[in-house]
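Step one of this worksheet: look at the structure below.
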Amino acid sequence: MPAEKDENPERKAELEALQNALAAEHAALYGYGVVGARVGDGRRREAQDGYDAHRARRDELSRRVTALGGRPQAAAAAYALPFPVPDAAAAVRLAAELEDRVAGAYADLVRASAGARRRAAAGSLREAAVRAVRWRGSGVAFPGLAERTTAGSPSPTATGSADAL
């Protein structure tokens, strides 16, 4: 979705980052549907908790986009999974990947925001990083930045196609 018209470049950048984070949340919700269907019974509650957290973040981001004068981006009908998910082990890997991608989108939002909105984005990044660690069993040095392919470029989540996870 193209960025909404706004003469203020900082506001425009924040609105674009909000829309990208919203798109990442839509994709995470779709992915968690797959995770929940494939993950073992011992981690099903964790999958439900992740789904619920992403649904709450999606709703919050939609409100923030509207508050800045934008129209919240709608979810795609379906998303391409980054790899096949035939079993519980693959579902766990997918959940960690989803969280890494969401963290990347929130890292971009942290950079584009200020004040209380930046703190909220940082909190969302932290929550995604913690969920990724729980799924993966280990962390990364700089959550949200691990996806960057070159220094200073936006995360793949922020620039990827609307129908890719």
Side-chain angles (χ1 to χ4, degrees), residues 1-33 35-36 45-76 79 82 94-136 138-165:
M1 169 181 245
E4 286 78 2
K5 293 186 180 192
D6 194 327
E7 300 302 318
N8 180 328
E10 290 84 20
R11 184 179 169 124
K12 182 178 177 182
E14 183 175 5
L15 188 54
E16 184 176 330
L18 278 167
Q19 291 281 28
N20 289 335
L22 179 57
E25 291 292 7
H26 286 313
L29 285 166
Y30 181 90
Y32 264 98
V35 170
R45 181 75 229 162
E46 190 175 356
Q48 182 65 52
D49 290 346
Y51 181 87
D52 292 344
H54 288 292
R55 187 177 58 216
R57 290 288 179 219
R58 177 207 58 199
D59 294 347
E60 175 188 335
L61 289 168
S62 291
R63 287 188 297 271
R64 288 177 61 192
V65 166
T66 300
L68 284 179
R71 193 172 118 230
Q73 176 173 320
Y79 294 84
L94 177 60
E97 177 74 14
L98 294 170
E99 297 299 348
D100 287 342
R101 291 179 182 210
V102 167
Y106 280 112
D108 292 341
L109 184 54
V110 167
R111 185 177 62 226
S113 302
R117 293 189 306 264
R118 176 176 278 174
R119 285 188 294 281
S124 297
L125 189 161
R126 182 187 66 245
E127 290 170 11
V130 167
R131 281 190 300 270
V133 167
R134 287 183 181 146
W135 284 110
R136 185 180 300 108
S138 64
V140 296
F142 299 103
L145 301 180
E147 292 184 335
R148 297 188 185 284
T149 56
T150 59
S153 69
S155 68
T157 303
T159 62
S161 95
D163 61 351
L165 285 177

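Everything numeric in this text was worked out from a predicted model, so none of it was measured.
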Closest non-hydrogen atom pair between Ala21 and Ala105, with its separation: CA-CB, 3.8 Å

Reported CG-to-NZ distance for the pair Leu68 and Lys12, which is rounded to 0.5 angstrom: 14.0 Å

Pairs meeting criterion side-chain hydrogen bond (donor to acceptor under 3.5 Å, both in side chains) with involvement of residues 115-125, two or more places apart: Glu14-Arg117, Arg57-Ser124

For residues 24-31, run the donor-acceptor check on the side chains, cut-off 3.5 Å, and write out each pair with its distance to 0.1 Å, sequence neighbours left out.
{"unit_1": "Glu25", "atom_1": "OE1", "unit_2": "His54", "atom_2": "ND1", "d": "2.4"}
{"unit_1": "Glu25", "atom_1": "OE2", "unit_2": "Tyr106", "atom_2": "OH", "d": "2.7"}
{"unit_1": "His26", "atom_1": "NE2", "unit_2": "Gln73", "atom_2": "O", "d": "2.9"}

Exercise: identify the closest heavy-atom pair between Pro82 and Glu97: CG-CG, 4.1 Å

Sub-4.5 Å side-chain heavy-atom contact between Trp135 and Val35: yes

From Arg58 atom CZ to Arg63 atom CZ, the distance as rounded to the nearest 0.5 Å: 10.0 Å

Point-to-point distance, once rounded to the nearest 0.5 Å, from CG of Asp49 to CZ of Arg134: 9.0 Å

Within-4.5 Å side-chain heavy-atom neighbours: Leu109 and Leu61: yes

Verdict with reasoning, Glu16 to Asp108, per side-chain contact (heavy atoms from CB on, under 4.5 Å): CA-CA 10 Å; Glu16 184 176 330; Asp108 292 341; over 6 Å; no

Distance, nearest 0.5 Å, that separates CZ of Arg64 from CD of Gln19: 11.5 Å

Residue pair Ala112 / Ala13: nearest heavy atoms and the distance that separates them: CB-O, 3.8 Å

Between Tyr32 and Glu99, a side-chain donor and acceptor under 3.5 Å: yes

Nearest atoms (heavy-atom pairs only) where Arg131 meets Ala53: NH1-CB, 3.5 Å

Value rounded to 0.5 Å, distance of CG in Asp59 from CG in Leu22: 9.5 Å

Heavy-atom side-chain contact between Pro72 and Thr66 under 4.5 Å: yes

Val110 versus Ala122, closest heavy-atom pair with distance: CG2-N, 3.5 Å

